[in-house]
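Working notes, structure below.
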Amino acid sequence: MTSPSVSRNSGVAVRWPLRQDCLVSIGFSISSLTFSDGTRVATPTHGITVIVGPNNSGKTASLRDLINCLVSDHGKGEAVVVRDVTFDLSGTSDELHGWLQTHAHKERGMYEEVYRRMGSQGRWQLLKANWENGSTGYLGPELTNFLTLYADVDSRAGIVSTQVSSGFMDEVPSSPIAFLYQDGDLEERFSRICESAFGMPITLQRLSSSSSLRVGTPDAEVPPVNRPTKAYADAENALPTLASQGHGIRSFMGLALTMLVQSYFVITVDEPEAFLHPPQRRALGRLLSELATSNGSQLFIATHDTDFLWGLLDGPADVTVVRLTRDGGINHAKQISAEQAKVLWTDPLLRYSRIFDGLFYGRVIVAESDADCRFFAAVVDHLVDDQGAPQPDVLFVPAGGKDRIHVAVSALRSVGVDVAAAVDFDMLRDERGFRRLVEASGGDWAGFAQLRTRFAGSISAKRVAKPISGLRKKLDEILPGDEADLDRETSKAVTALFSFKDGWEEAKDTGLESVPHGDAYRSCEQLLTKLTEIGVFVSPHGELESFVKSVGGHGPKWVNAVLSERLHKGSATAHNFVRQLIGR
């Protein structure tokens, strides 16, 4: 008895039994991919390899190269992104012959057996020869098509748009829909998948000369198989066809149907998220993980979408992520192992933030809060729209506090993302937190520590006077009108105003200006320059609010006021700082 896997595709767990036809005596799996930069990536035999990266980094091309490398030496010679593929075969040619009997449609040619599977055709003698010569490093086009499936957007949508002749119950089906005609349980499972993802069941039209997939449930009593009724036939025919639905649902259900009814050893899928909304993208990711586990299939997927990646990571299959970047004609690959992916995915900060979106951008800027990110993004829009700067391929990500910035930076660096940190000047105050950020960014702490020591003490030793006149003015700026109630944020601001300041409190407002002149000032300047070399950008003007000092308040309240009055457009200091961030 085989163990079932468990689906979390909806609120109610759906149990997917391990496919009995997957317990075959032959085996085929890809063990590694070698990319054009020479990086060799080991791929999980019974798992999913996800290929991500910015636009034009080679994601789709890598899937085509993978298949071409399996077909012939000539295919390897023409490959651009993936230059070599290693694979493992197990089983004899006699066992291959037995597998074909149950997984392909057998036809009798004039001189020898011919097999057909999902539109691919192969002569037995040629399939046998390619299997026995697999040690040469390629399989030939016929055997490759029998063992692997290349599923792009159009081919997936076309799978559920076809019609099949009814009544053939005595042979191996030649199309995925024909499998449903022979197995009512499969049809029910397929319908549940569609209803879970799209809220619509599926009906296979049976009382017709050709069977097609219909959306909905016939409004008539289901007759016995030997007592068909015209009423039920009319009710079936009245339902809209799945072929008439949108590209997204057809692509989703076409891929689901293929994996549900046919066992391919290797499946490559390009942009599975295409034409789908976020909930369906995540549902498809979970479903593919579950079906790959129950089928024993090995998946290679190129995607642009974080929601789909989330779905995969929520599923039972091992997932390794390969991030591609392109430098001229060379594609660089960086891998997150399945074990690393699990660790990253279980961190609440990484899971419930936009940090994983960074896998699809050329550069990621990690800031302390969402307010910082909103302000910097607005400045970028101004530089692009009003000053003619080129549109940067950059994403601003909040870390959820300055003490978490190093976690995000470390995670993104581990997968080859060009990542920088944008921090307030007072990040330099906490030596422990500052050191973690330096080391997470790849810096050698000793050199940075020496420079910090030369000025940090002099700032800490300062005591800042607060003139009464200045306090009154600040208090008027903080307090709302007489009819308003005192809220928590205003109370904190008033408390901070009347507390004694040391030099670091002043540094939050003025940044580098708070550092005593002389050696301390020079050391601080040197430290800020040295930090930019490892991608840590410290605002020399203090905290975020120092970019527009004419507006009071702090955090979201300050950002809302600045953006609503478009004051970020006139802040030259903000423009220069953001240019550093996006131009690194």
Side-chain angles (χ1 to χ4, degrees), residues 28-88 137-139 148 150 266-271 298-306 309 312-313 317-345 355-364 393 409-419 440-442 534-535:
F28 168 67
S29 63
I30 292 173
S31 54
S32 72
L33 307 177
T34 301
F35 290 85
S36 60
D37 68 340
T39 300
R40 182 178 178 272
V41 170
T43 56
T45 301
H46 298 294
I48 301 173
T49 299
V50 186
I51 301 174
V52 303
N55 287 330
N56 201 35
S57 58
K59 298 183 291 295
T60 297
S62 65
L63 298 184
R64 290 197 299 264
D65 287 348
L66 186 159
I67 298 298
N68 290 335
C69 286
L70 294 176
V71 169
S72 66
D73 278 339
H74 178 70
K76 286 186 179 182
E78 293 188 337
V80 176
V81 181
V82 175
R83 298 291 179 83
D84 191 30
V85 176
T86 61
F87 59 84
D88 298 312
Y138 63 90
L139 301 173
T148 72
Y150 180 79
V266 171
I267 300 174
T268 58
V269 187
D270 188 25
E271 296 188 44
Q298 186 182 26
L299 267 61
F300 293 84
I301 301 174
T303 181
H304 297 260
D305 187 67
T306 309
L309 181 58
L312 289 177
L313 292 169
D318 285 338
V319 178
T320 184
V321 179
V322 178
R323 185 176 188 270
L324 297 182
T325 55
R326 183 177 177 180
D327 182 13
I330 302 298
N331 305 86
H332 299 275
K334 188 79 172 181
Q335 183 180 22
I336 312 177
S337 69
E339 293 75 18
Q340 288 174 309
K342 289 177 183 176
V343 171
L344 295 175
W345 189 237
I355 287 177
F356 270 98
D357 287 2
L359 295 172
F360 306 97
Y361 283 80
R363 178 173 302 148
V364 176
D393 183 19
V409 169
S410 179
L412 290 168
R413 275 177 52 86
S414 71
V415 290
V417 175
D418 180 12
V419 57
S441 301
I534 62 170

Has the side chain of [X] got a donor or acceptor atom that lies under 3.5 Å from a matching backbone atom of [Y]?
X	Y	result
R64	L66	no
Q298	I30	yes
R413	A440	yes
D65	V80	yes
T148	V266	no
D84	K76	no

Please name the pair of heavy atoms, one in [X] and one in [Y], separated by the smallest distance, quoted to 0.1 Å.
X	Y	result
Y361	P54	O-CG, 3.6 Å
A411	S414	O-OG, 2.6 Å
V41	A333	CG2-CB, 4.5 Å
A61	V81	CB-CG2, 3.7 Å
Q335	Q340	O-OE1, 3.8 Å

| Sole candidate of K334, R363, R323 that passes salt bridge (charged side-chain N to carboxylate O under 4.0 Å, His left out) when paired with D418 | R363
| request: Evaluate the criterion side chain to side chain contact (heavy atoms under 4.5 Å, CB included) for residue pair L359 and T306; output intermediate values, then yes/no. | output: CA-CA 8 Å; L359 295 172; T306 309; over 6 Å; no
| task | Show your reasoning for whether side chain to side chain contact (heavy atoms under 4.5 Å, CB included) applies to F300 and V82. | result | CA-CA 13 Å; F300 293 84; V82 175; over 6 Å; no
Drop me the distance from [X]'s [atom1] to [Y]'s [atom2], to the nearest 0.5 angstrom.
X	Y	atom1	atom2	value
L299	T43	CG	OG1	11.5 Å
Y150	L70	OH	CG	13.5 Å
D318	I48	CG	CD1	9.0 Å
F28	L139	CZ	CG	5.0 Å
L63	T268	CG	OG1	5.5 Å
I267	I301	CD1	CD1	9.0 Å

| field | side chain to side chain contact (heavy atoms under 4.5 Å, CB included) assessment of N55 paired with D393 | value | CA-CA 9 Å; N55 287 330; D393 183 19; 6.0 Å; no
| message | My understanding is that only one of R326, H332, R83 makes a side-chain contact (heavy atoms from CB on, under 4.5 Å) with S36; could you say which? | response | R83
| Under the criterion side-chain contact (heavy atoms from CB on, under 4.5 Å), which of T45, T86, V85 is the partner of S31? | T86
| query | Side chains of T303 and D305: do they bring a donor and an acceptor to under 3.5 Å? | reply | no
| request: Using a strict cut-off of less than 4.0 Å between a Lys/Arg side-chain nitrogen and an Asp/Glu carboxylate oxygen, indicate whether D270 and K59 qualify as a salt bridge. | output: no
| task | Check the surroundings of atom OH in Y138: do more than 12 heavy atoms from other residues, nucleotides or ligands lie under 6.0 Å from it? | result | no
| side chain to side chain contact (heavy atoms under 4.5 Å, CB included) between W345 and V319: does it pass, once the steps are laid out? | CA-CA 11 Å; W345 189 237; V319 178; over 6 Å; no
